[in-house]
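Have a look at the structure below, then the notes.
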Amino acid sequence: MTKESENEAPKINPLAEILRRARLKTGISQADAAEVFKVRREAVAQWEREKGNPPSATRFDEIAKLYNMDTQLLYDAREPGATQRTAQPTALHFKHGQRPVLNYFPLPCLSRLPRPDEDIRDLIIRSIANPHILWRILAVPCSEKSFFIQMQGASMEPRIPDKTWIAIDPAITPRHESIVLTRGERDAPDIKQLTIDGGTWFLTPENRTYPVRKITKEVILGVAIEGHILF
């Protein structure tokens, strides 16, 4: 070993802090990220250590998609001044089922409600890794637990037609006359207007041929913030 190599400082991983902050911002654990990337959790931990081994540039696209970040940031940190190969268009992000980086708020279109023992954020994280998931763009700010679910049935017609995609935010406090999501029969989404009368809570349909349902506030999964009607 030469004197030069003995005095050489350990290499610093330039991506460590960027990857750690990006992962924490999305609320994804190292174990969840490792499952998506199909690597061991220790590999993800190495990527986030100052003196650890950074990920290969071949993984930058999938890392950026999962962490909802710009791929170019990873290239710049790895080699300042380097340029990324042609950036993928938004359409490819949607095709591969990953949350695209846009100036609006892309949310997954869930095909089912979370199970009673399942956290909605866990379901959303798994959706990010699903190559067949659909995404819709929301025009208003929302929490990281927000998602789209499709209206089923005519209970809210004509105000909300059947098959309308409804954006739901679980972080919003439901109020009198809010449109809310609850779990209906056989775990089907039940979207109706909330009526609060003297401390008693009811789900009120727009279509009066459907019954009014008495509920407790604990069964509400979120408040509707936007609807997308399909023509």
Side-chain angles (χ1 to χ4, degrees), residues 1-2 4-110 114 118-138 141-147 170-171:
M1 184 179 291
T2 66
E4 257 186 17
S5 61
E6 286 178 352
N7 296 330
E8 190 175 279
K11 290 184 177 179
I12 301 299
N13 174 7
L15 298 173
E17 188 62 16
I18 292 174
L19 292 175
R20 187 184 72 85
R21 289 188 179 187
R23 179 182 59 78
L24 292 175
K25 186 176 180 180
T26 60
I28 299 173
S29 69
Q30 288 184 343
D32 288 332
E35 184 177 350
V36 173
F37 299 140
K38 294 180 172 52
V39 299
R40 297 178 63 181
R41 190 199 66 78
E42 177 58 25
V44 177
Q46 280 283 342
W47 297 350
E48 297 179 5
R49 289 176 187 152
E50 185 180 14
K51 297 179 182 178
N53 296 319
S56 166
T58 59
R59 287 194 176 272
F60 284 1
D61 285 344
E62 60 181 329
I63 291 173
K65 290 172 187 175
L66 181 62
Y67 292 169
N68 192 22
M69 63 187 301
D70 188 344
T71 314
Q72 187 63 48
L73 291 175
L74 300 177
Y75 282 93
D76 288 344
R78 179 172 179 263
E79 186 178 348
T83 56
Q84 175 190 357
R85 61 186 180 277
T86 305
Q88 290 186 332
T90 299
L92 287 182
H93 287 274
F94 277 90
K95 177 181 177 182
H96 292 295
Q98 303 296 346
R99 187 188 294 267
V101 179
L102 298 171
N103 293 326
Y104 294 94
F105 303 89
L107 303 180
C109 298
L110 300 185
E118 183 178 30
D119 186 89
I120 183 60
R121 184 159 54 184
D122 293 337
L123 180 57
I124 290 174
I125 288 173
R126 285 195 294 276
S127 297
I128 291 174
N130 183 349
H132 305 294
I133 197 72
L134 298 176
W135 294 85
R136 300 191 72 83
I137 301 299
L138 190 65
C142 58
S143 76
E144 63 180 9
K145 292 187 176 183
S146 300
F147 58 91

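Because only heavy atoms are used, hydrogens play no part in the values below, and waters and symmetry mates are left out as well, while side chains stay in.
- The aromatic rings of F37 and Y67 stand perpendicular to each other, their planes meeting at an angle above 60°, with 30° marking the opposite boundary.
- Residue P55 forms a side-chain contact (heavy atoms from CB on, under 4.5 Å) with just one option from I63, V39, V44, and that option is I63.
- Summarising the local packing, CD of E35 is surrounded by 12 or fewer heavy atoms from other residues, nucleotides or ligands at distances under 6.0 Å.
- Taking a cutoff of 4.0 Å between a charged side-chain nitrogen and a carboxylate oxygen, E62 and K65 do not qualify as a salt bridge.
- Residue pairs satisfying the salt bridge (Lys or Arg N to Asp or Glu O under 4.0 Å) criterion with at least one member in residues 23-32, sequence neighbours excluded, are listed as follows: R23-E48.
- Considering only residues two or more places apart in sequence or on other chains, I18 meets the side chain to side chain contact (heavy atoms under 4.5 Å, CB included) condition with M69, L74, A77.
- Considering all non-hydrogen atoms of both residues, P108 and S146 come closest at CD-O, 4.2 Å.
- Considering CD1 of I133 and CZ of F147, their distance stands at 11.5 Å, rounded to 0.5 Å.
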Exercise for the section: Decide side chain to side chain contact (heavy atoms under 4.5 Å, CB included) for V36 and I28; before the verdict, give the C-alpha distance in whole Å, the side-chain angles of both, and the deciding distance to 0.1 Å. Expected result: CA-CA 10 Å; V36 173; I28 299 173; over 6 Å; no

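- One distance of note links CZ of R121 with NZ of K145; it measures 5.5 Å at 0.5 Å rounding.
- Listed by chain and residue number, nothing satisfies the side-chain hydrogen bond (donor to acceptor under 3.5 Å, both in side chains) test with R40 (two or more places apart in sequence, or in another chain).
- The distance from the CG atom of L107 to the CG atom of L134 is 13.0 Å, given to the nearest 0.5 Å.
- Residues forming a side chain to side chain contact (heavy atoms under 4.5 Å, CB included) with N53 (at least two apart in sequence, or on another chain): Q46.
- Interatomic distance, D61 CG to L66 CG, rounded to the nearest 0.5 Å: 12.5 Å.
- Residues passing the side chain to side chain contact (heavy atoms under 4.5 Å, CB included) test with E17 are R20, R21, sequence neighbours excluded.
- For A16, the side chain to side chain contact (heavy atoms under 4.5 Å, CB included) criterion is met by N13, not counting sequence neighbours.
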